[in-house]
Amino acid sequence: MGSDKKVFIKTYGCQMNVYDSERMAANLAAQGYAEVSAPEEADVILLNTCHIREKAAEKVYSELGRLKPLKEVKPDLKFGVAGCVAQAEGQEIINRAPLVDLVVGPQAYQNLPEMLKRADNGAKVIDTEFPVEDKFEKLANHAGMKSAPTAFVTVQEGCDKFCAFCVVPYTRGAEVSRPATQVLTEVKQLVARGVREVTLLGQNVNAYHGEALDGSTWGLARLIRELADYDGLDRIRFTTSHPLDMDDDLIAAHGEVKKLMPYLHLPVQSGSDKILKRMARKHTRDEYFRIIDKMRDARPDLALSGDFIVGFPEESDQDFEDTMDLVRRVEYAQAYSFKYSERPGTPAVDREQVPEDVKGARLMELQDLLTKQQKAFQQGLVGKTLDVLFEKHGREEGQLTGRSEYLLPVHAMAPQEMKGQIASVKIDVNHRNSLGGTLA
Ligand code: 5AD
Ligand code: SF4
């Protein structure tokens, strides 16, 4: 304690990285490190990285290059690389960027304070082990955390699905669920700190199978039902799900649990059976449609989100058309789409690649359709009244911004005291990625 050092953390990639960065910051705060929002003020710069696509890793090296001059001004400045690039590349990071002092993989964050001490003594420190101890026991510390009405809680990590394009099973390791009681305790602490909405996180969150106190195993639906009983907790979300694990109990929960928000991120990646098979997704397009139908029967106002990859090896024009057709049928409220990117060590690397210009053209066509669908979804909300959990100041004076049930940001003129509250807002305008409204 009492070292009054400062740490700057920059986070890339998914929400689990956001959660991990918050945990690292809290863990380091207990060692006397204050978090700062400018790299120039820091004694330690930590990049929490993403390895999911090629560009994501390249961004880290260019960021290190940009930050390098700071070390000339402050020779004692330490650089750390955390996250999935750290896990995947290990020592290679220090070879390529010798200014890096410390490389820490996602399963070793509990060791960070001790690693920093060694780095302060001039050592280069690398830890990319997958330890057997429970890292969350040490990391799930919310004391000293900034207060906010929403929070992420990791309930499951890693993946055993081994989709042919994906690095996650290698960077995050095998699928592990946190014990249900540990999750419940963490959420209780968050609610006591004023959190009203939690998003349960996992690379395969709907495969959650956590041990309960009585030794039984709880699925995600059971965990959600239990959390729904907490006074003060008003909203529950979860992400990201795999279609195969959308079981009937979880589908039914969407109709029965009022606090579970009517929004589902359910990536399908492709609408072609041939490509789904080559991706090793383990389901067909018809099976995906059936899940969507059941979800919409359970919760008619459900908004859907998805992930798509175009240009996976051997994707023909017809396969791509099948994806466009699937999107037209499902009608997404929002979606992410990517060009296939070859990831080292994954099964799809050695296959026949689709030319870059074809990938580019397909991505544009798909994004055009998805953007139209998003616009239509948002336009359909104009005139309706939505529940908005106000989180922060809006861009304009006197304005607050929050999220609706459908995760879409909503701005409205509202008194500052309403921060952290849920209010009814009548939607007046549809902006590109948000809505504007008036307190109802
Ligand atoms: N290339 C392109 N997109 C990928 N994704 C995962 N791996 C790759 C890859 N190699 C996308 C998937 C996934 C999202 C998180 O990132 O759509 O759902
Ligand atoms: Fe990126 Fe996946 Fe790692 Fe998240 S888990 S940071 S998406 S590679």
Side-chain angles (χ1 to χ4, degrees), residues 11-20 48-59 83-85 87-89 106 152 154 156-172 175 199 201-207 238-246 264-272 275-276 278-283 285 288 291 304-315 319-320 323-324 326-327 330 332 334-356 358-364 366-367 369-370:
T11 307
Y12 300 81
C14 63
Q15 287 148 330
M16 193 172 289
N17 270 9
V18 176
Y19 174 84
D20 287 344
N48 191 5
T49 63
C50 173
H51 198 54
I52 197 89
R53 285 169 295 277
E54 208 171 344
K55 283 210 184 102
E58 285 312 311
K59 266 192 217 158
C84 294
V85 178
Q87 188 63 43
E89 305 212 342
F152 294 128
T154 293
Q156 177 278 335
E157 198 171 349
C159 181
D160 294 337
K161 295 248 172 2
F162 291 92
C163 297
F165 50 80
C166 189
V167 288
V168 169
Y170 314 97
T171 56
R172 289 277 172 175
E175 199 181 307
T199 302
L201 296 180
Q203 271 90 30
N204 232 309
V205 72
N206 58 342
F238 61 91
T239 198
T240 287
S241 299
H242 190 291
L244 268 191
D245 296 309
M246 241 19 247
L264 177 68
H265 181 65
L266 193 65
V268 65
Q269 316 296 353
S270 168
S272 148
I275 295 298
L276 286 171
R278 295 211 183 359
M279 286 177 164
R281 292 287 292 175
K282 303 179 186 78
H283 66 82
R285 65 186 255 132
Y288 184 78
I291 296 164
L304 272 163
S305 159
D307 290 344
F308 296 90
I309 297 178
V310 300
F312 187 78
E314 297 168 57
E315 184 187 71
D319 294 322
F320 174 65
T323 298
M324 293 290 285
L326 178 142
V327 172
V330 171
Y332 290 89
Q334 194 280 137
Y336 304 94
S337 47
F338 314 98
K339 284 194 265 185
Y340 169 69
S341 153
E342 275 188 282
R343 306 311 291 130
T346 58
V349 237
D350 297 328
R351 302 186 191 162
E352 193 185 319
Q353 301 296 315
V354 171
E356 207 44 46
V358 176
K359 283 187 198 171
R362 286 180 188 164
L363 187 66
M364 265 176 58
L366 175 60
Q367 289 189 336
L369 175 60
L370 290 168

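Keep in mind that this is a model prediction, so the values were computed, not measured. Counting convention: from 1, in listed order, for ligands and their atoms alike.
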Residue [X] vicinity, atoms of ligand 1 by number, heavy atom under 4.0 Å:
X: K339; result: 1 (N), 2 (C)
X: R343; result: 10 (N)
X: Q269; result: 12 (C), 13 (C), 17 (O), 18 (O)

Checklist entry - Can a non-hydrogen atom of E54 be found less than 4.0 Å from any atom of ligand 1? => result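 No, that is not the case, since the closest heavy atom of the residue is not under 4.0 Å from the ligand.
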Item to check | T199 OG1 to F152 CZ distance, which is reported to the nearest 0.5 Å | outcome: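 Output value for this atom pair is 5.5 Å.
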Checklist entry - Which part of F165 is near ligand 1, with near meaning a heavy atom under 4.0 Å away: side chain, backbone, both or neither? => result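 The part of F165 near ligand 1 is both the backbone and the side chain.
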Under a 4.5 Å cut-off applied to non-hydrogen side-chain atoms, are [X] and [Y] in contact?
X: F338; Y: I52; value: no
X: D20; Y: N48; value: yes
X: R278; Y: E315; value: no

Checklist entry - Among Y340, F312, F165, Y288, which one satisfies side-chain contact (heavy atoms from CB on, under 4.5 Å) with Q269? => result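 Single pass found, and it is F165.
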Item to check | Pairing of K161 and D245 as salt bridge, 4.0 angstrom limit | outcome: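 Between D245 and K161 there is a salt bridge, with a charged N closer than 4.0 Å to a carboxylate O.
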Item to check | R53, any N or O under 3.5 Å of ligand 1 N or O | outcome: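 Between R53 and ligand 1, an N or O pair is found under 3.5 Å apart.
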Item to check | Residue selection (non-hydrogen contact nearest atom 15 (C) of ligand 1) among V349, T346, D307, I309 | outcome: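 The option holding the nearest heavy atom is D307.
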Item to check | For atom 6 (C) of ligand 1, the option (of T240, I52, V310) bearing the nearest heavy atom | outcome: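 Among T240, I52, V310, the closest heavy atom to atom 6 (C) of ligand 1 belongs to I52.
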